[in-house]
Number of protein chains: 2
Amino acid sequence: MPDTRDKLIAEAEVLVRTRGYAGFSYADLAEAVGIRKASIHHHFPTKEDLGLALIAAYGKKYDRALDEIWRKTEDGLKRVEAYAELYLHGLREEQGCLAAAMATEIGILPERIRDGVAQFFERHVAWLARVLSEGRANGTIRDDVSPAQHARMIVATLEGALLMELLLGGPAGFKDTLSALRKSLKPSRPPGPVNRRQPAGARRARL
Amino acid sequence: MPDTRDKLIAEAEVLVRTRGYAGFSYADLAEAVGIRKASIHHHFPTKEDLGLALIAAYGKKYDRALDEIWRKTEDGLKRVEAYAELYLHGLREEQGCLAAAMATEIGILPERIRDGVAQFFERHVAWLARVLSEGRANGTIRDDVSPAQHARMIVATLEGALLMELLLGGPAGFKDTLSALRKSLKPSRPPGPVNRRQPAGARRARL
DNA sequence: GACGCACTACCTTTCAGTCGGTAGGCAAGG
DNA sequence: CCTTGCCTACCGACTGAAAGGTAGTGCGTC
């Protein structure tokens with residue numbers, strides 16, 4: 001039994017991800033959650049408050065997912081693939097990325113929300129940079145990739161693919177992009193046992 | 001002296017690219033162009049009519065640019081870089097992609113506009129697939145890239161990079177992504193005269 | 001009895017869209 | 001040459017609906 005506030009955030013997230021920030025109203029949200037419009041203002045006095053809570057909650061949700069991926073495997077390529085799976089999941093539900101939706105509305109976005117969205121991207125880029133540099137070190141990522149540059153590229157690629165494949169090729173189209181991306185990261189030779197400092201207990205990514 | 005209709009399309013394009021489709025009103029557009037709100041309805045009876053004209057004009061503008069790039073060089077990598085430059089130009093003007101902005105609002109987009117946006121992406125993917133396969137043939141693109149897959153990836157990457165770098169790193173951040181992308185396309189050895197099987201008469205695509 | 005939460009009722013502003021009308025251009029016809 | 005008629009372009013004034021937001025009330029629970 002999630003409390004009302006959580007339900008509001010959950011439903012508002014869906015609305016933004018399918019219609020954009022300016023594209024939904026308190027009336028829409030009220031109907032989705034099953035309370036009255038005025039009651040939403042009790043939890044989120046202004047739409048900006050709601051938007052801020054949305055991007056914060058979305059960011060935390062992703063932080064947890066990144067953390068889980070990190071713990072589940074030390075294989076750089078698998079980590080990236082598990083990261084990509086997060087986007088693919090959105091695509092299957094026919095929902096875009098909340099941050100991307102908000103980012104396209106820069107011009108009308110309250111500044112604090114903009115900051116939240118920027119932080120969202122920054123954290124992902126930083127996390128991927130760590131994944132890549134560690135992957136290079138343990139031989140699971142090509143050694144000619146630049147972690148900083150490729151981290152940016154990966155986020156950009158996945159955000160773009162989600163955006164585009166929502167109306168083009170669906171999951172199949174997304175996977176095309178994904179295999180092209182994989183090719184640019186995979187080491188030409190599989191990591192030899194020398195480089196491999198994988199712990200004894202084999203783990204697997206959930207992808 | 002561009003006529004009013006053209007001015008309306010030009011200004012509306014800016015509005016959508018900075019604020020999204022739902023994020024601007026006829027009142028905003030009227031002010032930007034310097035005519036009255038009612039007069040806009042004379043040219044575009046409904047907002048859907050306007051949106052349709054917008055994506056059509058935007059598509060044509062890009063078609064011309066792609067055509068010019070095609071004619072200017074036969075080097076696959078250079079073609080891709082010139083294509084990327086189109087996005088970079090938007091970034092410098094602090095404007096996102098019109099199609100991307102509309103794509104994030106799928107849930108409220110009139111169907112005909114959705115179709116227009118989907119076509120926009122499809123044409124770009126198709127054009128890039130030709131660029132890549134021809135580039136492979138003349139040795140200016142790595143021979144292990146799959147034109148169909150990489151074409152999708154390139155559009156996705158550039159769309160995503162534009163989206164993200166508008167609030168993150170600006171042109172500098174974009175160029176990071178771009179150099180990572182370049183690395184995945186460039187042949188490991190520069191094209192030798194042996195591989196080069198370019199016909200004497202240069203060809204051109206109409207696209 | 002104070003607080004949390006949802007409600008009814010209402011506010012102001014803005015939204016897309018409509019209406020009737022004006023001003024000017026242009027071509028046909030007497 | 002001058003009227004008549006039709007056209008495009010624009011306008012002020014308006015409409016109903018929907019936007020975000022407010023005020024005050026009731027009602028159950030610590």
Side-chain angles (χ1 to χ4, degrees), chain A residues 1-55 57 101-102 104-114 116, chain B residues 1-16 18-55 57 98 101-102 104-114 116:
Chain A
M1 51 175 94
D3 72 358
T4 303
R5 194 190 144 92
D6 292 339
K7 275 199 271 185
L8 284 169
I9 289 189
E11 292 295 337
E13 185 192 306
V14 174
L15 287 171
V16 175
R17 290 174 64 187
T18 52
R19 310 165 55 160
Y21 179 71
F24 86 98
S25 70
Y26 269 36
D28 299 324
L29 181 54
E31 204 200 331
V33 172
I35 62 175
R36 298 290 161 171
K37 201 164 63 86
S39 309
I40 303 179
H41 286 282
H42 173 71
H43 298 276
F44 304 102
T46 71
K47 205 183 178 185
E48 179 177 348
D49 293 324
L50 173 58
L52 223 39
L54 278 179
I55 185 66
M102 286 178 161
T104 60
E105 290 168 79
I106 285 190
I108 45 167
L109 228 49
E111 205 180 316
R112 287 150 67 209
I113 297 187
R114 253 177 53 168
Chain B
M1 53 173 94
D3 73 358
T4 304
R5 193 190 145 93
D6 292 340
K7 275 200 270 185
L8 284 168
I9 289 188
E11 293 295 336
E13 185 192 305
V14 174
L15 287 171
V16 175
T18 52
R19 311 165 55 162
Y21 179 71
F24 85 98
S25 70
Y26 269 36
D28 299 323
L29 181 55
E31 203 200 331
V33 172
I35 62 174
R36 299 290 160 171
K37 202 166 63 85
S39 311
I40 303 179
H41 285 282
H42 171 70
H43 298 276
F44 304 101
T46 70
K47 206 182 179 187
E48 178 176 348
D49 293 323
L50 173 58
L52 223 39
L54 278 179
I55 185 66
L98 182 98
M102 286 179 161
T104 60
E105 290 168 77
I106 284 189
I108 46 167
L109 228 50
E111 204 179 317
R112 287 151 67 212
I113 297 187
R114 253 179 52 170

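Per chain, numbering begins at 1; letters A, B, ... match sequence-line order. Model, not experiment: these values are computed from the prediction.
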On the nucleotide [N], are OP1 or OP2 found under 4.0 Å from the side-chain N or O atoms that [X] carries?
X: T4(B); N: dC10(D); value: yes
X: H42(A); N: dC5(C); value: yes
X: S25(B); N: dT14(C); value: no
X: H43(B); N: dC10(D); value: yes

*Ignoring the backbone of K37(A), work out which of dG20(D), dA13(D), dT22(D) is nearest its side chain.*
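It is dG20(D).
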Under a 3.5 Å distance rule, please check whether [X] uses its side chain to pair with a backbone N or O of [Y] as donor and acceptor.
X: E105(B); Y: G23(A); result: no
X: Y26(A); Y: S39(A); result: no
X: Y21(B); Y: L98(B); result: no

Protein-nucleotide distance ([X], atom [atom1]; [N], atom [atom2]), rounded to Å:
X: H41(A); N: dC7(C); atom1: NE2; atom2: P; value: 13 Å
X: D28(A); N: dA17(D); atom1: CG; atom2: C1'; value: 13 Å
X: D3(A); N: dT29(D); atom1: CG; atom2: P; value: 17 Å
X: D6(A); N: dC5(C); atom1: CG; atom2: P; value: 12 Å
X: D49(A); N: dG21(D); atom1: CG; atom2: C1'; value: 12 Å
X: Y21(A); N: dG20(D); atom1: OH; atom2: C1'; value: 10 Å
X: Y26(A); N: dT14(C); atom1: OH; atom2: C1'; value: 17 Å
X: I108(B); N: dA18(D); atom1: CD1; atom2: C1'; value: 14 Å

_For a stem of at least 3 consecutive Watson-Crick or G-U pairs with distances under 3.5 Å, i pairing with j, i+1 with j-1 and so on, which stems involve DNA chain D?_
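DNA chain D forms these stems: C:1-30 with D:1-30.
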*Within the structure shown, what part of the strands sits under 4.0 Å from F44(A) by heavy-atom distance: base, sugar-phosphate, or nothing?*
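Since no nucleic acid heavy atom lies under 4.0 Å of F44(A), the category is nothing.
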_Is there a side-chain contact between D28(A) and R19(A) in this structure, where contact means two heavy atoms from C-beta onward sitting under 4.5 Å apart?_
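Yes, side chains in contact.
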*Are K7(B) and E11(B) close enough for a salt bridge, meaning some N to O gap below 4.0 Å?*
no
*Specify the closest pair of heavy atoms between L29(A) and A12(A), including all atoms of both residues, with the distance to one decimal.*
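Between these two residues, the closest heavy atoms are CD1-N, 3.6 Å.
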*Taking all non-hydrogen atoms of both residues into account, name the closest pair between I108(A) and A22(A) and its distance.*
CD1-CB, 3.8 Å
*Is there a donor N/O on one and an acceptor N/O on the other, under 3.5 Å, for the side chain of K47(B) and the base of dG17(C)?*
no
